Protein chains: 2
Amino acid sequence: MATGRTHRPATRSRGIPEATVARLPLYLRALTALSERSVPTVSSEELAAAAGVNSAKLRKDFSYLGSYGTRGVGYDVEYLVYQISRELGLTQDWPVVIVGIGNLGAALANYGGFASRGFRVAALIDADPAMAGKPVAGIAVQHTDELEHIIGSNGVSIGVIATPAGAAQQVCDRLVAAGVTSILNFAPTVLTVPDGVDVRKVDLSIELQILAFHEQRKAGEEGGPESGAAAPADRAEAAAVGDAAAAVGGDRKGPDGDVPAVMPA
Amino acid sequence: MATGRTHRPATRSRGIPEATVARLPLYLRALTALSERSVPTVSSEELAAAAGVNSAKLRKDFSYLGSYGTRGVGYDVEYLVYQISRELGLTQDWPVVIVGIGNLGAALANYGGFASRGFRVAALIDADPAMAGKPVAGIAVQHTDELEHIIGSNGVSIGVIATPAGAAQQVCDRLVAAGVTSILNFAPTVLTVPDGVDVRKVDLSIELQILAFHEQRKAGEEGGPESGAAAPADRAEAAAVGDAAAAVGGDRKGPDGDVPAVMPA
DNA sequence: ATATGTGAAGGGTTTCACAGCC
DNA sequence: GGCTGTGAAACCCTTCACATAT
């Protein structure tokens, strides 16, 4: 209830399932590549292979957009590029601001994939006064004090947060108050936002942790499942847990104080 | 069929649903924060709020791991931290290599969230000879020629690809041949890998495109749905599409050649 | 009294398989 | 003949609601 909703269907769109929306950018990328090679048409099979999905899924996805293919032939590449671009809202350009110009923020500012998809970096914002005025990716960094002004005068509705976790919620609140209604969050924190604001998150270390999970399973399989240790330990083990957890915690906290970057509000 | 499987259940784990695995890192983060504040126990309600999920989901998730809570009381924070860490395989440390030390690669090398979760950056690898020997995040960059040697001698099983899209598949092939079985891909390409290798991808621009989709819907709602334009256009419109697509493409390709970073193989 | 653990219901997503159209 | 578009089946995930345990 008090929890910030992290991911809403945003008015349930117009019947296009969320899972489909999430794949449209993939199709678009594959189609753009084909378009650059001047390929006129593709079959669902070919396009699916290029996008890394299966063809039945692709056809179902496209069926939500309309009937854009030709039976017995396939899809017109240029036509589909246009339709998907329009559906995604990429026929207009979206000014975005990036807040937090550290290593990651700078990398994002330099990332070609943004500009190449209709996203224009309208401003770079950082809380460090020493950063103000410095050019990053050809754009002068502005101080956080300017945030509201920048959002307002540029009509920015999409914000990217690349600050340390501790600052993220505060920055988020200011962005939202200034009129931003979509946020891409790179800080490892759960953001709380009012209804009507969309948040998507990218957490670099979470992806690695998911890989580690599967990697561990692979290793365990070689000599058969070591299910003895994996089986639900009986509650008596909890007594020993203080030590075990301390050992783990010790590992995690590591040699130096790297926790600050991970500490939520 | 010829398509590289991008996301496999990897031997179907031991019955822990993929969706649950993907949330374990979230719980772990929230629990770590509580642990640092020396909170001894949490209820599913509190923890769920901190992790940004609903409490029934959290309880179901935990039920796959075992019965780690106490009815009427809640969960022991330290105990849960340990159990989830173990389940994710974070009680051991994972050497990882990062290939492609551009802006993003450097940001990843500097990212505290890796080291703080048991991931150790064993090496940074780049194809540019001029980069060789340069220290990034305190680690000397090594040339791609060393790749196989580095993987082998460090027992690396997780690789991070942050190269331009055009180089990604090639790098991926070499990583896999050298023994890497889990790959985190930041390059905007579909990677093809043999069975038994897991790939997870993070595409920065895809997330923005999904936000743009919802943002567009919000804007459209204000004056009622402009479903006229959104309705499946009849095929005659395809004739005009060449121009429309060109206009879009023109926008996308932008002022300068920013496409190289996005061009798949 | 309070909060977990879990069958059962519900909703969404993927896959199948084939009718329909070129 | 070949390929799209789509009902129907299968599957997975989420949510509900309450039995169960402390």
Side-chain angles (χ1 to χ4, degrees), chain A residues 1 3 5-10 12-24 26-27 31 40-49 51-77 79-80 83 232-236 238, chain B residues 1 3 5-10 12-13 15-24 26-27 31 39-77 79-80 83 210 232 234-235 238:
Chain A
M1 196 203 283
T3 314
R5 305 293 290 95
T6 293
H7 181 235
R8 281 181 336 109
R12 195 55 196 103
S13 310
R14 190 204 38 258
I16 300 181
E18 218 17 63
T20 295
V21 172
R23 280 187 296 267
L24 292 181
L26 279 177
Y27 301 143
L31 285 164
T41 60
V42 258
S43 67
S44 62
E45 204 76 47
E46 293 165 330
L47 184 54
V53 304
N54 99 20
S55 64
K57 195 189 285 184
L58 177 143
R59 287 198 302 276
K60 193 46 30 122
D61 284 343
F62 286 179
S63 79
Y64 292 117
L65 309 183
S67 284
Y68 293 156
T70 307
R71 293 172 200 232
V73 179
Y75 301 93
D76 181 291
V77 172
Y79 185 60
L80 251 192
Q83 291 298 345
D234 61 309
R235 212 53 181 68
Chain B
M1 196 203 284
T3 314
R5 303 294 289 95
T6 292
H7 179 239
R8 281 182 335 112
R12 194 54 197 106
S13 311
I16 301 181
E18 229 359 77
T20 295
V21 172
R23 280 186 296 267
L24 292 181
L26 279 177
Y27 302 142
L31 284 164
V39 176
T41 60
V42 257
S43 66
S44 62
E45 204 78 48
E46 293 164 330
L47 184 55
V53 303
N54 100 18
S55 64
K57 194 188 286 186
L58 177 143
R59 288 200 301 278
K60 216 344 87 104
D61 283 343
F62 285 0
S63 78
Y64 293 116
L65 309 183
S67 283
Y68 294 155
T70 307
R71 293 173 199 234
V73 179
Y75 300 91
D76 181 290
V77 172
Y79 185 62
L80 251 193
Q83 291 298 346
I210 296 170
D234 61 309
R235 213 53 183 65

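This structure is a prediction, so every number in the text was calculated from the model and none was measured. First the proteins, then the strands, lettered A, B, ... as listed; each starts at 1.
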At under 4.0 Å, does any side-chain N or O of A:Tyr68 touch on OP1 or OP2 of D:dC3?
-> no

Short side-chain N/O contact from A:Thr70 to OP1 or OP2 of C:dC22, under 4.0 Å = no

Using whole Å, report how far CG of A:Asp61 lies from C1' of D:dT4.
-> 14 Å

Give the rounded distance in Å between these two atoms: CG of A:Asp76 and P of C:dC22.
-> 16 Å

Given side chains that start at C-beta, do those of A:Leu24 and B:Ile210 come closer than 4.5 Å, heavy atoms only?
-> no

Note: for A:Thr20 and A:Val73 on DNA chain C, the residue whose nearest nucleotide lies more 5' is A:Thr20

Using a heavy-atom cut-off of under 4.0 Å over every strand shown, decide if B:Phe62 touches base, sugar-phosphate, or nothing.
-> nothing

Please list each protein N or O that sits under 3.5 Å from an N or O in nucleotides 16-21 of chain C, with the distance.
unit_1: C:dG20; atom_1: N3; unit_2: A:Arg71; atom_2: NH1; d: 3.2

If you measure only the distance, is there a donor-acceptor pair under 3.5 Å linking the side chains of A:Asp61 and A:Thr20?
-> yes

Find the bend of the helix from C:dA1-D:dT22 to C:dC22-D:dG1 as the angle between its two terminal axes (five pairs each), to the nearest 10°.
-> 0°

Sole residue of B:Tyr68, B:Phe62, B:Tyr27 in ring-ring contact (aromatic ring centres under 6.0 Å, His included) with B:Tyr75 | B:Phe62

Go through the structure and list residues passing side-chain contact (heavy atoms from CB on, under 4.5 Å) with A:Ser55, not counting sequence neighbours.
-> A:Ser44, A:Glu45, A:Ala48, A:Arg59

What's the closest nucleotide to the B:Tyr64 side chain, out of D:dT14, C:dT14, D:dT4?
-> D:dT14

